[in-house]
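Basis for what follows: all heavy atoms, side chains included, without hydrogens, waters or symmetry-related copies.
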Amino acid sequence: DGALDGFGINVAQYSLLSNLKRMDQPSISSLAEAMGLDRSTLGRNLRVLEGAGLVKMTEGEDQRNRVVCLTPAGVERLKAALPAWEAAQQRLMDRLGEEKRTQLLQLLDELAGSD
């Protein structure tokens, strides 16, 4: 979170915004599934970002489903925070080294896959 100080978002919110950009207007359900979150947790996080004007939720084709998209402000916030995020990732890489970083990512993948 410290790497994102000054951008008004935390790591979880940065991840959410990044996933929104990558997925291009997903439903809440598909975004929750992609991020490994339950809908209620994701919904709370989305409401915070919506209140900050960074995301917008609209009705999807099916009225039971809501679609989420980045606002122009959300795109700009993500773009502004990217260099700080990349620098934090590089510091982690420098500290761990390639082998330990690879092991860490494998462990995180295993955790994400387990229920």
*Asks:* Could you state the interatomic distance from CE (Met93) to CD (Glu98), rounded to the nearest 0.5 Å?
*Replies:* 3.5 Å
*Asks:* Do Leu4 and Val75 belong together in a cluster built from hydrophobic side chains that touch within less than 4.5 Å?
*Replies:* yes
*Asks:* I need the minimum non-hydrogen distance between Ala12 and Asn10, along with the two atoms involved.
*Replies:* N-OD1, 3.1 Å
*Asks:* Measure the shortest side-chain to side-chain distance between Met57 and Ile28 over non-hydrogen atoms and say whether it is less than 4.5 angstrom.
*Replies:* yes
*Asks:* Quick one: OG on Ser29 to CG on Leu42, what's the gap to the nearest 0.5 Å?
*Replies:* 9.0 Å
*Asks:* Output side-chain donor-acceptor pairs under 3.5 Å for residues 84-91, partner residues at least two apart or in another chain, one line each.
*Replies:*
unit_1 : atom_1 : unit_2 : atom_2 : d
Gln90  : NE2    : Asp94  : OD1    : 2.8

*Asks:* State the CG-OG1 distance between Leu96 and Thr102, to the nearest 0.5 angstrom.
*Replies:* 10.0 Å
*Asks:* Sequence neighbours left out, what passes side-chain contact (heavy atoms from CB on, under 4.5 Å) with Met23? Give chain and number order.
*Replies:* Pro26, Ser30, Leu31, Ala34
*Asks:* Between Val68 and Lys56, is there a side-chain heavy-atom distance shorter than 4.5 Å?
*Replies:* no
*Asks:* Looking only at atom types and distance, does a side-chain atom of Arg77 sit under 3.5 Å from a main-chain N or O of Phe7, one as donor and one as acceptor?
*Replies:* yes
*Asks:* Treating Thr71 as the side-chain partner and Gly53 as the backbone partner, does any N or O pair qualify as donor plus acceptor under 3.5 Å?
*Replies:* yes
*Asks:* Kindly indicate whether the side chain of Asp109, heavy atoms from C-beta on, has any atom under 4.5 Å from the side chain of Gln106.
*Replies:* no
*Asks:* What I'd like to find out is whether the side chain of Leu82 reaches to under 4.5 Å of the side chain of Tyr14, using heavy atoms alone.
*Replies:* yes
*Asks:* Let me confirm one number: the CZ-OG1 distance from Arg44 to Thr41, rounded to the nearest 0.5 Å.
*Replies:* 4.5 Å
*Asks:* Counting C-beta onward and ignoring hydrogens, is there a side-chain heavy-atom pair between Met35 and Leu16 closer than 4.5 Å?
*Replies:* yes
*Asks:* Output the distance between atom CZ (Arg39) and atom CD (Glu33), rounded to the nearest 0.5 Å.
*Replies:* 11.5 Å
*Asks:* Indicate if Leu46 and Val11 have the same hydrophobic cluster label, given that clusters are the connected sets of ILVMFWY residues with side-chain heavy-atom separations under 4.5 angstrom.
*Replies:* yes
*Asks:* Looking at side-chain heavy atoms only, is the closest gap between Leu92 and Arg101 below 4.5 Å?
*Replies:* no
*Asks:* If you define the side chain from C-beta out and look only at heavy atoms, does anything of Leu17 sit under 4.5 Å from Ile9?
*Replies:* yes
*Asks:* Rounded to the nearest 0.5 Å, how far apart are CD of Gln25 and SG of Cys69?
*Replies:* 5.0 Å
